[in-house]
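Everything numeric in this text was worked out from a predicted model, so none of it was measured. Below, chain A is the first sequence line, B the second, and so on; all start at residue 1.
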Amino acid sequence: MSVAVLRFPGSLDHESAARAIRTAGGTAAEVWHDESDLPGGTRAVVIPGGFSYGDHLRPGAIASRARVMDDVRRHAERGGMVLGICNGFQVLCEAGLLPGALRPNATLSFVCRQTTLEVTDPDAPWTRALGAGAHLSIPIKNNSGAWFGDPTTARVALRYVGEDALGSVDAAAGVLDDRGTVLGLMPHPEEACDPLLGSADGLALFQAAVAA
Amino acid sequence: MTTLEPPLHRQLGLTDWEAGRIDELLGRRPTHPELVMFSLMWSEHCSYKHSRRLLRRFPTEGPSVLQGPGENAGVVDVGDGWAAALKIESHNHPSAVEPFEGAATGVGGIVRDILAMGARPIALLDSLRFGELASARSRHLFARSVAGIGHYGNCIGVPTVGGEVAFDDRYEDSCLVNAMCVGVVRHDALLRSAASGPGNAVVLIGNRTGADGIGGASVLASAELDEEEDRRPSVQVSDPFTERKLIDCCLELAGRGAFVALQDLGAAGLTSASSEMAAKGGVGIELDLDAVPLRQPLEPAEILVSESQERMLAVVEPGRVGEVIAACDRWELLATAVGRVTDGGNLLARAAGRVVVDVPARLLADDAPAYDVPIEPAPEPEPLQLEDVPAPSDLAAAWRDLLARPNVASKRWVYQQYDHLVGANTVQRPGGDAAVVRLPGSSRAIALTTDGAERHCQLDPRAGGAAAVLEAARTLACVGARPAAATDCLNFPNPEKGATGWRLREVIDGMSEALRALGVPVVSGNVSLYNESGSRAIYPTPVVGMMGLLFEAAASVTHGFDADGDAVLLAGAATPRLDGSELLGEARGRPPAPDVPAQAALCAALAEAAERRLLRSAHDVAAGGVAVALAESALAGGLGVEVTLPVGRRGDETLFGEGGGRAVVSCRRDGETQLAELFASHGVALKRIGTAGGAHVAVDLGGQPVALGLDEAAEAYETGLAEALR
Amino acid sequence: MSRVVITVMPKQGVLDPQGQAVQGALARLGFSGVEDVRVGKRIELSVTGDDPAAAAREMCERLLANALIEDYRVEVGS
Amino acid sequence: MSRVVITVMPKQGVLDPQGQAVQGALARLGFSGVEDVRVGKRIELSVTGDDPAAAAREMCERLLANALIEDYRVEVGS
Ligand SMILES: Nc1ncnc2c1ncn2[C@@H]1O[C@H](COP(=O)(O)OP(=O)(O)O)[C@@H](O)[C@H]1O
Ligand SMILES: [Mg+2]
């Protein structure tokens, strides 16, 4: 039930993510980057979006070396669920917990807009409830959202539908690790958990985290 | 100093009279650092010496005002124990020198003004004016300013939810970059900048001090930009990552009650921050310049006036200094005790053990001279003779071309580069009328807009000032909000020349009249004068930032047509005119003066209709007239419309004429009677003009059909701006 | 105290959008005959210690370069 | 065809937030004695024409470097 939400200097979406977790029926615990351990009882970890360390050097690079990441790695190795959103996805790739890297968008600019995603790998705890082919309306907002990796070996969990994927290989919007328990997602489900804001399609991902 | 050089005070921008006045007030000659400090604090930028007297004409009071002008930001009650802080500020000249960093640091500065009130910044808006995009320089300034605004706002996690962009030759030499920020704070957590408690520590938080922008306030922001002379100060590089840490850390400390007072460091840096804090509190401040963390070796005067960004000054009880420094350490922010609050009222600074500055803080902060500007009316312009305006041969083609003009076309190219969602409270995104942002943890929301009416202000400044305010209010009313408070940025040319001083006064009076009619106080603002080069002066450009309230975020109304068969109506009675319109494309003619009470009534009717959930859409009729408003509502809803309009004097005037204050609204067919009754009870005209539906935007103009396919309209509207930038 | 210069460049074969954009922008400005533009980073720093080159290489391995997409080079000055 | 290397660095005295962030990160990773970190750009390109150095300098003036906050250097290889 308890989901850890990491916080680095420059994290921006930790509160929105915590709110989404609560909406999904869970409890959220904010964890400072300099902690050596995740709180006891942590069932899933969310690395929220933002500009950790100002995106300096490479997005996610500096945060991926934070102390708490050692315990996130142990948690993942035990098969614990981890969701990295946007900057969190970048952190997970930089930490080697997900394959590939995220490069600047083909537009070389920040892009904020609503996108449609399709579930392309339903065999993971993150996507199982959604099912293959499910469509989600979720916004993207990033500078470096183009995934670069080998789609023949990586598990692409979600793809952009019918629009320019900003240079992402295989139109990948979300990538899983081999086991399917670590998910990196460029779009922001925490911005899509309330019909008042235009969509509640993102809630399913937080429900998956809470069910862990 | 060679004999050829003018005396130092003149190089610093002080007149001989002002230099004499400083001697007189001090009873001695100032030291070198003191003279530099006076030159900045008495500059136009810091002291408002040419506008201060006129600003008193604004209405600034109201039952919900918790803080009016005079603090870092104005603050109003928004219910449920929350207060909202708002302010707009210009960064015009720095953006003309280096658009990316200039615009970015402009955002940084306004955010720190909000933070200084103890408020959490929750929304940004940007109001921009550039030369026509046919000019390579204007394309560069525009594109880089947008990139800079996005860079900063995105990185600090404050959504940029709205703003405006307009292009006109008049801004070719002097572009305008105004940024507005809104923050929220619990009533009981509101901070102010008055220092108090002799013995308390003065703590500098944030970036090290470098040679950034030294001379900036006096030289850069108060003089006309002159290409011949290179008096560029060292450009400020934006550091939004540090700003975000400042926000997080200062709010954490403010939440624990660790600050006695808080103030950002803006123009004139440590000098203005410390002298204003001291003067407001009626106390003194002593600074130890040797303690200030530096990025490079600097003279005492330079340390005192450096405009290095991302710095805040806090007054802290001695017993809590350790706690403040520890919290900053955790955020990897520098925090250094650099002085203390004293009795008396002097600002005193020591360097290398010597006293280098010792002046009454009040002289710096409050006693700058105030000047009257010459009031010389401009000749009254003649209304346009319709015969002098060639009628478009093909009205549909004119409509399509208008939709593609950068001043009308979708600004998606701009706002797509801004994170307008972060925080997960953005109920209405950019692209419609006002933005709607839900208050944290509440079902209430605020609506936000910035608006100007510069061509109108050029032609008839009093009417134009009123028109700018009314347009802002109408924009809020269209989403269902009731206007609650305003902030304004008065961007003008040199007020000492020609009719500019008169226009400034007229604009302020016109704005004030409309604000009073709406019951909206001005709680903060900014003035940017001297926006002219040797050959070109900007239009008088008051930018009105307005905040409205919605009791139910869920009751907000969008501008897109909603359903096939909905009734489409025109609210407000006004005669459209081409004078100063976007179709005309220049400030020529004399737009009709707005009927202020009638427009205030329109706003009230729209808000009430939204609250009673009678509207399916509402959209302000602005640039491009009713034809553009209809097309925009159709495109936003993905649904065509068929209307009939009386032909009036001429078809192009009926379709594209502006002015007066109107809105295109739609409602369920069975809700039409109720809506009509509501508008009638407000004495506001409401006329059914047609029906939503189909794949065309079609107008029957007294029997003559004028229509655009939705695809065709979308193509023009969606690609117009990007095409112009190619 | 040694002055160290670290160069980090996108790997050959990895698309370099920034390089491509610069190439396009140069062409639009009228610079002809510009090809094969690649944009990387130059990091200058001062290091104490006996083996600054080894220290800098370790910094690259652990943080400054992403081996998946970037190559690095270390030069030690005076 | 000449190979040209352009180095663009933040001017002395101008704030370098990226350098600051990298310096902090290296310290947290336990690298001691690292100071004065500055991060700039390295642009490699091929140019045809007689005077590649002059061409490259012009590119810097017009596009690649921002004279207000950056210094640049051009080296022409083989
Ligand atoms: N046009 C205006 N309308 C209302 N208030 C204004 C206007 N211009 C300036 N003010 C007020 O005057 C004070 C000084 O403004 P400014 O020097 O811009 O503040 P700061 O130094 O905090 O940025 C502020 O309280 C500001 O809100
Ligand atoms: Mg201030």
Assess whether side chain to side chain contact (heavy atoms under 4.5 Å, CB included) is satisfied between Leu133(B) and Arg139(B), documenting all intermediate values. CA-CA 5 Å; Leu133(B) 292 177; Arg139(B) 286 198 301 275; 4.0 Å; yes

Hey, mind stepping through Cys249(B) and Ile205(B) against side chain to side chain contact (heavy atoms under 4.5 Å, CB included) and telling me if it holds? CA-CA 10 Å; Cys249(B) 182; Ile205(B) 303 175; 5.5 Å; no

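Annotation: side chain of Val292(B) is not in contact with side chain of Thr336(B) (no heavy-atom distance under 4.5 Å).
Looking at Ile69(D), the atoms closer than 4.5 Å to chain B (heavy atoms on both sides) all sit in the side chain, from C-beta outward. With a 4.5 Å cut-off on non-hydrogen atoms, Ser238(B) touches chain D through its backbone but not through its side chain. With a 4.5 angstrom heavy-atom cutoff, Asp16(D) does not touch chain B via any of its atoms. In this structure, chain B has no heavy atom under 4.5 Å from any part of Gln12(D). Only the side chain of Glu101(B) comes within contact range of chain D, with heavy atoms under 4.5 Å apart. Using a 4.5 Å cut-off between heavy atoms, Gln296(B) contacts chain D through its side chain alone, with no backbone atom that close.
The neighbour count for Glu299(B) CD, taken as heavy atoms of other residues, nucleotides or ligands under 6.0 Å away, does not exceed 12.
Shown are Asp126(B), Thr160(B), Asn154(B); of these, the side chain to side chain donor-acceptor pair (under 3.5 Å) with Tyr418(B) is made only by Asp126(B).
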